[in-house]
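The residues of the chain are indexed from 1 along the displayed sequence. Ligands are counted one by one from 1 in listed order, and the atoms in each one are counted from 1 as well.
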Amino acid sequence: MTLPPWAITLLIIGAFAPLEYFFPRITGRPSIKGRLVAVMVIGAISLVTLSLLNGQLQQVLVPLFLQIKLFSLSKLEIPSPLLFLAGFLLIDLIQYTMHLVSHKVTVLWRMHAIHHADEHVTAASSLLHHPLELIVAYGMILCLYVILGIPILIIAIYGLVNAVHSVFCHANIALPAKLDTALRLLIVTPDMHRTHHSIRMDEGNSNFGQVFTIWDRLFGTYVAHPTTGESALIMGLPEGEKPKTFSFSGLLLLPFARR
Ligand SMILES: [Zn+2]
């Protein structure tokens, strides 16, 4: 039996629930009524929208951008493991760049901001993306994959790894300090990504990395710890950017709200 992607995502989120319960990083904050429902419903809408549009986007964008293909990664005459590594890193660099651009370009930030509206970041927050953001970001990323001729198998494996890692790095868990230090030499950890959700925009505009930490370190966007320390970190959007209510409609309308 093959489970659909949304069921796998829910299973992964569920698997982190006991860890979040027994080893939470942030405790004692009052929970927002209906928060989880709003997050899950928006997550479900985004996943469904994306899967419905997936075929259409591919049909339109792939032939269009095949014409301006710069080179084909799969045609490089290098050993397969090296090709896989190069493709994997290239995809991660594209994801890093797309995330950074989503913070710098106003129209993209308006769509991405709902991901930062959550003041209680947990594993489920990995689902909190505006459907418009997913369509636009996915469309742009797909074009880059085609232009750079990245093999479909590497794209699929990265997608799987990214899905699991995204839930992990949003989970409200306190990893042992030594494990966190060792892991973040290579991959983004929950403490590192939570700093990206800080209400302080200087901290929010850091740690854009998706899976690997190398790009933040290389391009000077790496912030090791929030100024408050990890367990006192205040997350969410600053005043003036917050949704009127943390509800399904409040979040969905956020990109169009007056500021
Ligand atoms: Zn962000």
What N/O/S atom of His116 gets nearest to the Zn ion (ligand 1)?
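The nearest such atom is NE2.
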State yes or no: are the ring centers of Phe219 and Tyr96 separated by less than 6.0 Å?
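Phe219 vs Tyr96: aromatic centres under 6.0 Å.
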Which value, rounded to 10°, describes the NE2(His196)-the Zn ion (ligand 1)-NE2(His112) angle?
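Once rounded, the angle between the two atoms at the Zn ion (ligand 1) is 170°.
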His103 NE2 and His99 NE2 subtending at the Zn ion (ligand 1) (10° steps):
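Rounding to the nearest 10 degrees gives 100°.
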Apply ring pair (Phe, Tyr, Trp, His ring centres under 6.0 Å) to His165 and His193, showing your working.
CA-CA 11 Å; His165 177 265; His193 188 68; 8.2 Å; no
Check the surroundings of atom NZ in Lys104: do more than 12 heavy atoms from other residues, nucleotides or ligands lie under 6.0 Å from it?
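For Lys104, atom NZ is crowded (more than 12 foreign heavy atoms under 6.0 Å).
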Determine whether His103 and His196 satisfy the following criterion, ring pair (Phe, Tyr, Trp, His ring centres under 6.0 Å), listing intermediate values before the conclusion.
CA-CA 11 Å; His103 276 245; His196 176 73; 4.7 Å; yes
